[in-house]
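Notes for the one structure printed next.
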There are 2 protein chains.
Amino acid sequence: MRHDSRLSRVLHALIHMDGHEGRATSETIGHMLGTNAVVVRRTMAGLRDAGYVCSDKGPGGGWTLLCPLAEITLFDVYIALGAPPVFALGLADDQPECLVEQAVNAAVGDALGKAADALMTGLKAVNLADVAHDFERRSKRLSRHRRSAA
Amino acid sequence: MRHDSRLSRVLHALIHMDGHEGRATSETIGHMLGTNAVVVRRTMAGLRDAGYVCSDKGPGGGWTLLCPLAEITLFDVYIALGAPPVFALGLADDQPECLVEQAVNAAVGDALGKAADALMTGLKAVNLADVAHDFERRSKRLSRHRRSAA
DNA sequence: GAAAAAAGTAACTATCGGAGTTACAATAAC
DNA sequence: GTTATTGTAACTCCGATAGTTACTTTTTTC
């Protein structure tokens, strides 16, 4: 596996669900994301547990957004996913008694810690309504271009 | 694989090499890092290509540091390793035409970009002499504790 | 109450990259 | 020429997400 794209995918699903009439089934969401229903259920489980969405079984069932987009930040979603590991880079721990390893890990760990802080700050600064507005901007720009090309 | 610990390990090796009399063989370095000689050679190859160390074959051969520690930053070493991927988190690219995906990826990518900037800034701010000094501080502190415990 | 539509979930496979290992070639010192 | 050493290719191992299959459970609808 190269990347963990769950955050990106779940956000994608939530924005689509906001524009969606009524409930969206896992199957529908899977098509929107280019994946399948089981992956959608698995990934959305954390959001359901956190109370941002609910799911209903049976005919007419599916996923419902329980919250205005403006009240969910990217950070909230990241936490609801279980705060998965951010970095591919890590510290060696083969010689935990070695003071050189400790000094190196303190230095690298400090830089990684600052990077993680910056990431969390960045995720807290944006809510899903911001992303939805950006989507709308992109839609309008695209239709302008289409008209002018016609 | 969980983490890429090459940066941490190479730094560990370089600090040890600075305190080492003459050349250090891959075998010796492997023991210091808790790994084996082939992994050491593979990982150090980038540093050799970048000119920070050289390696000599044959009896009496091994690795030599070519540069004062103060002239190498953590960032330099990261680049010499080939600037490996920093994040385990990534963007979805299953629906590249989808404007929702684009908006989501712009938002998440922006946060990741700021985090990467913070990481690089942190890596540039520390050179290997800083790490070596921290190692010496740790050594002194430890021997004080040992004396006072005796 | 039977059929159908949906979620929930377990279990398995695919994939990807670092790490570990083995094997062997190339080189240099003595 | 023997030995110590690097250089490298080729393979296995591991861990995590992602994909897939199969089955159970729940709920609606007829």
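In what follows, chains are A, B, ... by sequence order, proteins preceding strands, each numbered from 1. Predicted, not measured: the structure shown is a model, and the values here were computed from it.
Per the geometry, CD1 belonging to B:I29 stands 8 Å off P belonging to D:dT6, to the nearest Å. The distance between atom CH2 of B:W63 and atom P of D:dT5, rounded to the nearest whole Å, is 14 Å. In this structure, A:D4 atom CG and C:dG17 atom P are separated by 15 Å, rounded to whole Å. The CG-P distance, from A:D56 to C:dG8, rounds to 9 Å in whole Å. Here D:dA18 presents its P atom at 11 Å from CG of A:L7, a figure rounded to the nearest Å. A:H3 places its NE2 atom 15 Å from the C1' atom of C:dG18, with the value rounded to the nearest Å. D:dA18 atom C1' lies 10 Å from atom CG of B:D94, rounded to whole Å. Across the protein-nucleic acid pair, B:L89 atom CG and C:dC16 atom P stand 19 Å apart, rounded to whole Å.
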Could you list the protein-to-nucleotides 28-30 of chain C atom pairs, N/O on both sides, closer than 3.5 Å?
none

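Taken from OG1 in A:T121 to CZ in A:F75, the straight-line distance is 9.0 Å, to the nearest 0.5 Å. From B:L74, atom CG reaches atom CG of B:D130 across 8.0 Å, with rounding to the nearest 0.5 Å.
Distances shorter than 4.0 Å separate none of the side-chain N or O atoms of A:S55 from OP1 or OP2 on C:dA6. Between C:dA5 and A:T25, no contact under 4.0 Å exists linking OP1 or OP2 to a side-chain N or O.
A heavy atom closer than 4.0 Å to some atom of DNA chain D occurs in A:T35, A:N36, A:V38, A:V39, A:R42, these being the qualifying members of residues 33-46 of chain A. Residues from residues 99-109 of chain B with heavy atoms under 4.0 angstrom of DNA chain C: there are none.
In this view, A:D76 and A:T73 satisfy the side-chain hydrogen bond (donor to acceptor under 3.5 Å, both in side chains) rule, not counting sequence neighbours. Residues satisfying the side-chain contact (heavy atoms from CB on, under 4.5 Å) criterion with B:L66, sequence neighbours excluded, are B:C54.
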Would you mind writing out the side-chain donor-acceptor pairs for residues 99-117 of chain A within the sub-3.5 Å range, not counting sequence neighbours?
| from | atom 1 | to | atom 2 | distance (Å) |
| --- | --- | --- | --- | --- |
| A:E101 | OE1 | A:Q95 | N | 3.3 |
| A:E101 | OE2 | A:Q95 | N | 3.3 |
| A:Q102 | NE2 | A:P96 | O | 2.9 |
| A:N105 | OD1 | B:S8 | OG | 2.6 |
| A:N105 | ND2 | A:A92 | O | 2.7 |
| A:D110 | OD2 | A:K114 | NZ | 3.3 |

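Residue-to-nucleotide proximity on DNA chain D shows that, of B:G62 and A:R6, the 5′-proximal contact is made by B:G62.
Backbone-only engagement by A:R9 is indicated by non-hydrogen atom pairs under 4.0 Å involving sugar-phosphate atoms exclusively. Among the heavy atoms of the strands lying under 4.0 Å from B:R48 are primed sugar atoms or P, OP1, OP2 only; no base atom is included.
Proximity of A:V10 to A:L81: side-chain heavy atoms (C-beta onward) are separated by under 4.5 Å at one or more points. Inter-residue side-chain proximity for A:V39 and A:N36 is flagged as met; some heavy-atom pair is nearer than 4.5 Å.
For A:W63 and A:S26, the side-chain atoms include at least one donor-acceptor pair closer than 3.5 Å.
The two residues B:P85 and A:L89 come nearest to each other via the heavy atoms O-CD1, 3.2 Å. Scanning all heavy atoms of the two residues, the minimum distance from A:I29 to A:A24 falls at CG1-CB, 3.9 Å. Taking every heavy atom of both residues into account, A:A80 and A:L47 meet most closely at CB-CD2, 3.4 Å.
Shown are B:R9, B:R6, B:M17; of these, the side chain to side chain contact (heavy atoms under 4.5 Å, CB included) with B:M44 is made only by B:M17.
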